Number of protein chains: 2
Amino acid sequence: MRNTVAKQEIEQLITTSEVALSPSEVETQLDGLCNRVTVYRVLERLEKEGIIHKFTNVNGVLKYASCHNCSTQNKHHHNHAHFNCVKCGDVTCLENVEPSFNLPKGYKVAEVNFTLSGVCPKCK
Amino acid sequence: MRNTVAKQEIEQLITTSEVALSPSEVETQLDGLCNRVTVYRVLERLEKEGIIHKFTNVNGVLKYASCHNCSTQNKHHHNHAHFNCVKCGDVTCLENVEPSFNLPKGYKVAEVNFTLSGVCPKCK
DNA sequence: CTATTAATGCAACATAGTTGCGTTTATAAA
DNA sequence: TTTATAAACGCAACTATGTTGCATTAATAG
């Protein structure tokens, strides 16, 4: 992947952000640095490279966040929980929260999307 | 809520369906019985009445499914898992699968969205 | 410095969901 | 049974989100 200006800026934005960002939020924060389509494409590529991960919030909105732990492990996985605050709207990774569950036989799980909504500590 | 034709048909569709349905899937199956906007509005009302529940699949697509267990309990809750098969595309309720997890202090959970993707027993 | 091709911008399109408003119709009351 | 009322509906228009094709630009290897 080429080291373009758009890639640098978007990667920095996501990795330094406290909260997960949607493509349109990224676009807004870039303030015209690049085209809307480029935002989608760069985010897609960053995710393929394993630099960031994606998931959907409780409303079905696509969100991206950076990985902090996964790079140190053998296998990348993003099965941790995400929290969607209904007051401030922030979506954050709860990297240490992994759900446990018992599936019926016959199901083969590839991905886990575990998003909680409610009130975060800041808004409490 | 008035007992309209659209309400009857959509309620029956959702409750008899083996899989969760999106608004557009409902619209297709109704085959012109009512307007697209009506589908959204009826689904919304059915959900408010607690007859059906909604959630988003792994791709962020809104899905509706009927409640089988919750009406017999004191409190309605839809914290069970949903399974999204990547082969057939079906999204089904796993009504008996509830995730357990340990949240950090300060978070107050209102809703749980727990969607697994992978291969279902039929497609295995 | 040059060639290659990844990356971008633009325009156009597709899908999903929402809103306002005039009309229809289920339901309760006369 | 008829009538009044407001819920429910249809239509049109709009916003947001995401995608695709293609010509142009620019990062990088040689």
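Computed over heavy atoms, backbone and side chain alike; hydrogens, waters and symmetry mates excluded. As the structure is a prediction and not an experimental result, all values here were calculated from the model. Convention: sequence-line order gives letters A, B, ...; per-chain numbering from 1.
When heavy atoms are screened at a 4.0 angstrom cut-off, A/V42 is found touching the sugar-phosphate backbone but no base atom.
Contact between the side-chain N/O atoms of B/N35 and the OP1/OP2 oxygens of D/dC9 is not found at any separation under 4.0 Å.
Exactly one of B/V91, B/N59, B/V58 qualifies for a side chain to side chain contact (heavy atoms under 4.5 Å, CB included) with B/S117. That residue is B/V58.
Spacing between atom CG of A/N59 and atom P of C/dA16 amounts to 17 Å, rounded to whole angstrom units. Remark: P of C/dA16 and OH of B/Y64 are 14 Å apart, rounded to the nearest angstrom. Here C/dG17 presents its P atom at 11 Å from CD of B/E27, a figure rounded to the nearest Å. Taking atom CD of residue B/Q8 and atom P of nucleotide C/dT25, one finds them 14 Å apart after rounding to whole Å. The separation between B/L43 atom CG and D/dA8 atom C1' is 14 Å, rounded to whole Å. Taking atom CE of residue A/M1 and atom P of nucleotide C/dA7, one finds them 6 Å apart after rounding to whole Å. Going from atom NZ of A/K7 over to atom P of D/dA27 covers 13 Å, rounded to whole Å.
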- Item | B/L46 and B/K7: CA distance, side-chain angles, deciding distance, side chain to side chain contact (heavy atoms under 4.5 Å, CB included) verdict | CA-CA 8 Å; B/L46 287 171; B/K7 184 243 177 187; 4.2 Å; yes
- Item | A/L43 and A/Y64: CA distance, side-chain angles, deciding distance, side chain to side chain contact (heavy atoms under 4.5 Å, CB included) verdict | CA-CA 8 Å; A/L43 288 170; A/Y64 287 92; 3.7 Å; yes
- Task: Kindly determine whether A/F114 and B/V112 satisfy side chain to side chain contact (heavy atoms under 4.5 Å, CB included), including the steps that lead there.
- Result: CA-CA 8 Å; A/F114 184 46; B/V112 175; 3.7 Å; yes
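Each of B/P23 and B/T4 was assigned the nucleotide of DNA chain C with the nearest heavy atom; the assignment lying further toward the 5' end belongs to B/P23.
Within 6.0 Å of CD on B/Q12 lie no more than 12 heavy atoms contributed by other residues, nucleotides or ligands.
Between A/H82 and A/F55, the angle of the ring planes stays under 30°, which puts this pair in the parallel group of the 30/60° scheme.
To the nearest 0.5 angstrom, A/T56 atom OG1 is 4.0 Å from A/N113 atom CG.
Contact of the B/F83 side chain with the B/L94 side chain is registered, since non-hydrogen atoms from C-beta on lie closer than 4.5 Å.
Listed nucleotides C/dG17, D/dA8, C/dA7 differ in distance to A/R45; the shortest reach to its side chain belongs to C/dA7.
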Set out, line by line, the N/O atom pairs under 3.5 Å between protein and nucleotides 19-22 of chain D.
none

N/O to N/O distances under 3.5 Å, protein versus nucleotides 2-5 of chain C:
| from | atom 1 | to | atom 2 | distance (Å) |
| --- | --- | --- | --- | --- |
| C/dT5 | O2 | A/R2 | NH1 | 3.4 |
| C/dT5 | O2 | A/R2 | NH2 | 3.0 |

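Applying the side chain to side chain donor-acceptor pair (under 3.5 Å) criterion to B/K54, with sequence neighbours excluded, gives no partner residue.
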